[in-house]
Amino acid sequence: MAGPERRRLLEELAPELLSELSQPRDRSRDLPALEGVEGGVVMRFAPNPSGPLHLGHARAAILNDYYVRRYGGRYVLRIEDTDPRRVDPAAYEMVREDIEWLGLGITDVVYQSDRLEIYYDWCQKLIELGGAYVCVCDAEWFRSLKLEKQACPCRDQTVDENLELWQRMLDGEFYEGHATVRVRTDLTHPDPAMRDYSAMRIVNTPAHPRALDATVFPLMNFSVAIDDHLLGITHVIRGKDHIANTGRQRYIFNYFRWKPPIYYHYGRMGISGVVLSTSSMREGIRSGVYTGWDDLHLGTLRAIARRGIQPEAVREAVVDIGMGETDITFSWENLYAQNKEIIDPKANRYFFVPDPIEVVVEGAPVHEARALLHPGDLARGVRTLITDGRVLLPEADIEGRGMVRLKDLYNVRITWDGGIPHLSYAGEALEDARRERAPIIQWLPANAKIPCTLHTQDGDVEGFCEPLVAGEVGSVVQFERVGFARIDAVTDDGRVDAFFAHR
RNA sequence: GCUGCUAUAGUGUAGGGGCCAAUCAUGUCGGCCUUUCACGCCGACGACUGGGGUUCAAAUCCCCAUAGCAGCACCA
């Protein structure tokens, strides 16, 4: 008896005991409070449009979203497309779709490629303040100097000299790699990562898809600091790979005497079993290892969506993980559990017979089976399956058996002649099946079935399913005794493509 | 190598000096329910990295060690 039904029954029989029935608890856990949230927050999600969003992005996106919802305020989507080399024009649209799927409460959208002039202006101001200089040293050479805590010659240039060099950068007089604007930090800083990092660089090729003529682009630490201030960002939640960047960005805030946002850095999240690096995914798609960005072996949001994972489940899983600074491995198990909780009450039940064997049940009367679409929701009705005894069975489930019960139908006796099964009608009594501990298995009428491919991460499983499944495209169903799957499509020749989610 | 962050059950989390022989979820196992090996219900299993120190008292504070991770890009 399923939960809701049981509750209803108890209500009729013994309402006074109702309170003793354990209550479904509020699953959502509160994340720790943020500092300085008076008057709301302004937060941001800042992806790089190099590909679609994946689980790693989802963590940042949802954590920030969580706090904007909790405290109220604005949620800025900032497209960080300041590296022409890492921009995939198609990714702008993919990122938009993925954000919509996640259901983020975005209030503002800005593209950094629209803001190059803003960065140029502030760069000039930083140079004027003496906070930056134009460096024309070879990168490798500078690096070795930096590790020795030594200044390069460019560091001694006057403000006017720097301004002139900066103008020449903007005028295209330098080629890529020949000049960069560095923020003057502290060459003796114990952390080499802090020492005079780059703020602006030249990229001649490829052209930026949204800023065709630009050749001077800000580096992340510069544009991020400027934008975080200009956009009024109050809190930043991001991975600990940005800890050093936070330190670097503070120099810019200090030069301009701006109040920096409050930063939080969560730990690294490993995700087992899937490739997360955009470049490896892209390469895999190019070489045919993956069918596309939504290949079910990938950890992209569109891949898990295709398998029937609900955005709410991702949200629950991410909030449950929180923003601890510990390194963690993402648990598919936990995500699946969240997803099952959402999906189980919704998913209609159907029979899917994998690796089928067609048999005749001797002596079987014509019979009409009425199977519930959902055992916990009688109102949803039944699927009707009519058979004259010619049925499809999952071969693996009858192997070695003396009796099985076809679910919602009748019992079948099996005798084995060598490796050949002979099936005969063995009555309708459920008790008989119980007594013989016969498994109750799914089946299909041999003359009412449609081919179905269940795509799993371990390979495709061929079989047949109920014709009604063709009407579930886009929905998640439960193939009884197999697991939950999203019905992806029905091909022109009537084949069902289903993507396995989890048991 | 330099710099920094972290360390609670298989996984994810709570707990930040006594209320902790440590929370919750998930998982696994057992039972109940059930014409699905689903859902639901009951129960069990399972952890404070190690060593010092502070304290009447340490998972909690300090130190060291170990391990993991991150950064040291003219990527984000």
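Worth saying up front: this structure is predicted, and the values here are computed from it rather than measured. Naming convention: chains lettered A, B, ... in sequence-line order (proteins, then strands); numbering from 1 in each chain.
- Remark: A:R210 is positioned above the aromatic ring of A:Y92, its terminal NZ or CZ atom under 6.0 angstrom from the ring centre and at most 45 degrees off the axis.
- The salt bridge (Lys or Arg N to Asp or Glu O under 4.0 Å) search around A:R380 returns A:D377, not counting sequence neighbours.
- Atom CZ of A:R401 has 12 or fewer neighbouring heavy atoms from other residues, nucleotides or ligands inside a 6.0 Å radius.
- Taking the six-membered ring for Trp and thresholds of 30 and 60 degrees, A:Y251 and A:H189 have ring planes more than 60 degrees apart, a perpendicular arrangement.
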Write out a two-atom table: protein N or O, nucleotide N or O from nucleotides 5-10 of chain B, distance below 3.5 Å.
unit_1: B:rC5; atom_1: O3'; unit_2: A:E325; atom_2: OE1; d: 3.4
unit_1: B:rC5; atom_1: O2'; unit_2: A:E325; atom_2: OE1; d: 3.4
unit_1: B:rC5; atom_1: O2; unit_2: A:K240; atom_2: NZ; d: 3.4
unit_1: B:rG10; atom_1: N2; unit_2: A:E333; atom_2: OE1; d: 2.9

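- Counting distance only, with no hydrogens placed and no angle test, the side-chain atoms of A:Q478 and the base atoms of B:rU36 include a donor-acceptor pair under 3.5 Å.
- Classified by interplanar angle (parallel below 30°, tilted 30° to 60°, perpendicular above 60°), the ring pair A:H229/A:F253 is perpendicular.
- If you check every strand for non-hydrogen atoms under 4.0 Å, A:L430 touches a base.
- Taking the six-membered ring wherever Trp is involved, the centroid distance between the rings of A:Y410 and A:Y425 falls below 6.0 Å.
- Applying the side-chain hydrogen bond (donor to acceptor under 3.5 Å, both in side chains) test to A:E333 and every residue at least two apart in sequence or in another chain returns nothing.
- Counting only Watson-Crick or G-U wobble pairs whose defining distances are both under 3.5 Å, the stems of 3 or more consecutive pairs in RNA chain B are B:1-7 with B:66-72, B:10-12 with B:24-26, B:27-32 with B:40-45, B:49-53 with B:61-65.
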Return the polar atom pairs (N/O with N/O) between nucleotides 44-48 of chain B and the protein under 3.5 Å, or none.
none

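- Ring geometry for A:H54 against A:H57 counts as tilted: the plane angle lies between 30° and 60°, on a 0 to 90° scale.
- When the ring pair (Phe, Tyr, Trp, His ring centres under 6.0 Å) test is applied to A:H242, no partner is found at least two apart in sequence or on another chain.
- For A:R349 and B:rA38, the shortest distance from a side-chain N or O to OP1 or OP2 is not below 4.0 Å.
- Counting any heavy atom pair closer than 4.0 Å across all strands shown, A:D191 reaches a base atom.
- If you check every strand for non-hydrogen atoms under 4.0 Å, A:S50 touches nothing.
- In this structure, A:W443 and A:F351 have tilted ring planes: the angle between them lies in the 30° to 60° band.
- In this structure, A:Y263 has its ring center no closer than 6.0 Å to that of A:H235.
- A:A139 comes within 4.0 angstrom of a nucleotide base, judged by non-hydrogen atoms across all strands.
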